[in-house]
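Residue numbers start at 1 and run along the sequence shown.
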Amino acid sequence: MTLPNAHPPRTNWAAIQGAAAAVMLAALAAIFWAAPREEGAVDWFAPMIPGGWMAWTLPVALFFWVISSLLVLFTILAIRFPETPRIGILRIETTRGDRLFISLLGSAFLNLGWLFFFGAPLWGALILCLVYAAAVFRWV
């Protein structure tokens, strides 16, 4: 039986965001805990799983942590602040998630192009990718 003036239960967004942040910070702590050490310092480029089938180094693990953090953040944003798609310069409807995907995909190609033309390090490509992502979120 429902009371006529009963309000639906409120969602505790602070608790949800805090729990998501705690899980992501715990994952980040686990990554650094598992990072190989040499003479007390973190060895950035040593394999995290010796003899493993993939080169899981600390930068690779941090890359995937950032991608998963973005997915968690955008999922919470999509639930809390539903968005209607908008039409940008590509003339297609896009949401925040679509623009994130376009940014990540374009950034992969920008990094590959940077490696081809300039080689390592990729700091210039990172700056270019941030400018590209800002432009995608603004105009696409």
Side-chain angles (χ1 to χ4, degrees):
M1 176 171 125
T2 348
L3 299 174
N5 292 332
H7 297 287
R10 294 188 50 158
T11 304
N12 189 351
W13 286 106
I16 292 171
Q17 292 166 349
V23 167
M24 295 313 296
L25 287 174
L28 182 61
I31 288 170
F32 276 100
W33 175 79
R37 302 199 186 307
E38 186 173 310
E39 298 177 10
V42 172
D43 189 356
W44 280 81
F45 301 108
M48 294 178 80
I49 304 169
W53 66 273
M54 186 174 165
W56 281 102
T57 61
L58 186 57
V60 171
L62 290 175
F63 171 79
F64 283 104
W65 181 84
V66 167
I67 297 296
S68 63
S69 296
L70 284 170
L71 291 174
V72 168
L73 172 69
F74 275 66
T75 300
I76 291 172
L77 284 174
I79 295 169
R80 184 163 186 198
F81 305 109
E83 180 184 35
T84 56
R86 70 176 194 207
I87 297 177
I89 60 171
L90 294 179
R91 309 308 305 157
I92 59 173
E93 288 185 348
T94 59
T95 62
R96 282 185 294 256
D98 298 330
R99 291 187 291 276
L100 175 65
F101 177 74
I102 292 168
S103 297
L104 292 174
L105 189 62
S107 294
F109 285 109
L110 287 172
N111 277 285
L112 287 173
W114 186 277
L115 280 172
F116 180 78
F117 289 109
F118 304 109
L122 293 172
W123 294 112
L126 175 63
I127 293 168
L128 189 61
C129 289
L130 292 173
V131 170
Y132 170 72
V136 165
F137 273 90
R138 174 68 179 104
W139 291 300
V140 173

Verify the cluster assignment for I31 and V42: are they in a single hydrophobic cluster under the rule of side-chain heavy atoms below 4.5 Å apart? yes

Measure the CG-OG distance between L112 and S107 for me, rounded to the nearest 0.5 Å. 11.0 Å

Derivation and outcome, side chain to side chain contact (heavy atoms under 4.5 Å, CB included), residues F101 and T94: CA-CA 10 Å; F101 177 74; T94 59; over 6 Å; no

Heavy-atom closest contact (V136 atom, R86 atom, distance): O-NH2, 4.3 Å

Is L126 close to L122 at the side-chain level, that is, under 4.5 Å between some pair of heavy atoms? no

For residues I76 and Q17, report the shortest heavy-atom separation together with the two atoms involved. CG2-CG, 4.3 Å

Let me confirm one number: the CH2-CG distance from W44 to L58, rounded to the nearest 0.5 Å. 4.5 Å

Measure centre to centre between the rings of W56 and F64, then say whether the value is under 6.0 Å. yes

So if you build clusters from Ile, Leu, Val, Met, Phe, Trp, Tyr with side-chain heavy-atom gaps below 4.5 Å, do L130 and I67 land together? no

Shared hydrophobic cluster for L90 and L104 (ILVMFWY, side-chain gaps under 4.5 Å): no

Could you walk me through whether W114 and L110 satisfy the side chain to side chain contact (heavy atoms under 4.5 Å, CB included) test, starting with their C-alpha distance in whole Å, then the side-chain angles of each, then the deciding distance to 0.1 Å, before giving a yes or no? CA-CA 6 Å; W114 186 277; L110 287 172; over 6 Å; no

Inspect the surroundings of CZ in R37 and state if more than 12 heavy atoms from other residues, nucleotides or ligands are less than 6.0 Å away. yes

If only atom types and distance count, is the side chain of D98 paired as donor or acceptor with the main-chain N or O of T95 below 3.5 Å? yes

What are the two closest non-hydrogen atoms of V60 and A55, and how far apart are they? CG2-O, 3.7 Å

How many angstroms lie between atom CE of M54 and atom CE of M48, to the nearest 0.5 angstrom? 11.5 Å

Contact summary for M24 and W65, nearest pair of heavy atoms: O-NE1, 2.9 Å

Which atom of L115 lies closest to which atom of A120, heavy atoms considered: CD2-N, 4.2 Å

With a 4.5 Å heavy-atom cut-off, do L62 and L28 have their side chains touching? yes

Do F137 and I89 belong together in a cluster built from hydrophobic side chains that touch within less than 4.5 Å? no

If Ile, Leu, Val, Met, Phe, Trp and Tyr residues are connected whenever their side-chain heavy atoms lie under 4.5 Å apart, and connections chain through other members, are L100 and I92 in the same group? no

Contact check, side chains of I127 and W123, non-hydrogen atoms, under 4.5 Å: no

Under a 3.5 Å distance rule, please check whether R99 uses its side chain to pair with a backbone N or O of W139 as donor and acceptor. no

Which atom of W13 lies closest to which atom of I79, heavy atoms considered: CH2-CG2, 3.5 Å

